[in-house]
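Each remark here refers to the structure printed beneath this line.
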2 protein chains.
Amino acid sequence: MRTEYSTRPREQITALLRKERRYLSAAEIYALLRKSRSKVALSTVYRTLGLLETKREVSQRVDEHGESTYVSCAPTHHHHAICRKCGKVEEVACEAMESFAGELRTHHGFELDDHAMEFFGRCAACK
Amino acid sequence: MRTEYSTRPREQITALLRKERRYLSAAEIYALLRKSRSKVALSTVYRTLGLLETKREVSQRVDEHGESTYVSCAPTHHHHAICRKCGKVEEVACEAMESFAGELRTHHGFELDDHAMEFFGRCAACK
DNA sequence: ATGATTTTGCTAATCGTTCGCAAATTAGGG
DNA sequence: CCCTAATTTGCGAACGATTAGCAAAATCAT
């Protein structure tokens, strides 16, 4: 039948991610849910994250220790500005990409077809 | 005495990286060296990569399977244009960063202090 | 409610990476 | 050169995050 079930663990994981809006590891999500008297297995966390990633509802990032972390975000193309203090992630659009594409073409003969960017600094609240 | 020795394994790993100029995993480096009748232990490859990373002589990137890969590059600030066909990595400067910084400040109140970018496409040779 | 199907939870397996330590290399005097 | 002290290597074991297997539980459509 190939349907997708809506279950309690999935709802809780999704809700937590939507609430936090910062990069969390599977272990952190597991720990946070466990604290709020919800018992989800770590493997379920991993599976749900994989699912959400496929649906483009979260994006994944490997942190400085090599651990995968995940944040809830829009399924459309954008980049992330990550606050170094509180971890809050903001989505930012990129219009200025043409200038880079042009630079790459003229200086390197490189035909750009995709790009990834990350910004680090202080968010409005932490500044 | 706190000196740093120059050894055969280190020279070979460094030479290989400088020759290839594409992202290689520790295992790939190990395999390539082994083929050219050089016996370096995998752990030595890892240790040397860590050393080179500290010295900013290689940069590290986690590939799509979660494996760490490394490429030889300049110690100064720049970004990488990675060819999807041959894997060749080219270093590109970024002047256009002010426009992003401005956008972040005005639209998000975000104070930018660092950024990371990657470009994907076809290099001049593969186009 | 019922039954087919999807998910979960648990545990064990996987696999890249790191560690520990004895043996081998290196650098630099004598 | 040769010796010694210090650093590296190589090997294997240990580690830790992620994945896989499978029986039991939850979900959905009828």
Side-chain angles (χ1 to χ4, degrees), chain A residues 1-18 20 22-72 87, chain B residues 1-17 20 22-55 57-72 87:
Chain A
M1 197 182 271
R2 192 107 306 278
T3 328
E4 192 167 282
Y5 289 5
S6 151
T7 67
R8 196 125 174 292
R10 282 180 185 174
E11 278 160 15
Q12 297 186 132
I13 293 166
T14 305
L16 176 64
L17 282 166
R18 281 215 234 279
E20 291 288 340
R22 60 193 172 94
Y23 280 100
L24 296 172
S25 68
E28 285 176 308
I29 294 169
Y30 173 74
L32 285 172
L33 289 181
R34 172 159 287 237
K35 256 186 231 155
S36 53
R37 59 188 167 335
S38 311
K39 276 182 275 230
V40 249
L42 183 54
S43 51
T44 299
V45 175
Y46 275 108
R47 280 184 291 227
T48 302
L49 288 170
L51 189 68
L52 293 174
E53 220 180 331
T54 301
K55 295 164 70 183
R56 298 256 156 90
E57 289 180 21
V58 307
S59 83
Q60 190 250 42
R61 177 181 136 76
V62 178
D63 74 9
E64 52 281 0
H65 308 302
E67 242 182 294
S68 289
T69 57
Y70 308 82
V71 74
S72 167
Chain B
M1 200 184 267
R2 192 104 309 272
T3 328
E4 192 167 282
Y5 288 5
S6 152
T7 69
R8 196 122 173 292
R10 283 179 185 177
E11 278 161 13
Q12 296 187 131
I13 292 166
T14 305
L16 176 64
L17 282 167
E20 293 287 340
R22 60 196 172 91
Y23 280 99
L24 296 171
S25 69
E28 286 176 307
I29 294 169
Y30 173 74
L32 285 171
L33 289 180
R34 173 159 287 236
K35 259 188 227 153
S36 55
R37 60 186 169 337
S38 310
K39 278 183 273 222
V40 250
L42 184 55
S43 51
T44 300
V45 173
Y46 275 106
R47 280 184 290 226
T48 302
L49 287 170
L51 189 68
L52 293 174
E53 220 180 332
T54 302
K55 295 164 71 181
E57 288 179 24
V58 306
S59 83
Q60 191 249 39
R61 179 184 134 75
V62 177
D63 74 11
E64 51 282 0
H65 308 301
E67 242 183 294
S68 289
T69 57
Y70 307 83
V71 71
S72 168

**Message:** For a quick test of reading the model: is some side-chain N or O of B/Thr7 closer than 4.0 Å to OP1 or OP2 of D/dT7?
**Reply:** no
**Item:** Phosphate contact (D/dA26 OP1 or OP2) by A/Arg8 side-chain N/O below 4.0 Å
**Value:** no
**Request:** Return yes if some donor-acceptor pair links the side-chain N/O of A/Thr44 with the main-chain N/O of A/Leu42 below 3.5 Å, else return no.
**Result:** no
**Prompt:** Counting N and O atoms only, with roles assigned by atom type, does the side chain of A/Arg10 sit under 3.5 Å from a partner on the main chain of A/Tyr5, one being a donor and the other an acceptor?
**Reply:** yes
**Message:** I'd like to check B/Ser59 versus B/Val71 (side-chain heavy atoms, cut-off strictly below 4.5 Å). Are they in contact?
**Reply:** yes
Whole-Å distance between [N] [atom2] and [X] [atom1]?
X       : N      : atom1 : atom2 : answer
B/Arg10 : D/dG10 : CZ    : C1'   : 14 Å
B/Leu24 : C/dG16 : CG    : C1'   : 16 Å
A/Leu33 : C/dT8  : CG    : C1'   : 14 Å
A/Tyr30 : D/dG16 : OH    : P     : 16 Å
B/Tyr70 : C/dG16 : OH    : C1'   : 10 Å

**Message:** Using a distance-only criterion (donor-acceptor N/O pair, under 3.5 Å, no hydrogens), is the base of D/dA26 paired with the side chain of A/Tyr5?
**Reply:** no
**Which residues share a side chain to side chain donor-acceptor pair (under 3.5 Å) with A/Thr54, sequence neighbours left out** = none
**Fill in**
Assert: residue with more 5' nearest nucleotide on DNA chain C, out of B/Glu4 and B/Ala26, is B/Ala26
**Prompt:** What are the residues of residues 39-68 of chain A, sorted by number, that bring a heavy atom to within less than 4.0 Å of DNA chain D?
**Reply:** A/Ser43, A/Tyr46, A/Arg47, A/Glu67, A/Ser68
**Asked** Just checking B/Ser25: base, sugar-phosphate only, or nothing, at a heavy-atom cut-off of under 4.0 Å?
**Response** nothing
**Asked** So, A/Glu11 versus A/Ser6: side-chain donor-acceptor pair below 3.5 Å or not?
**Response** yes
**Prompt:** Does B/Arg61 come within less than 4.0 Å of B/Glu67, counting only side-chain N to carboxylate O?
**Reply:** no
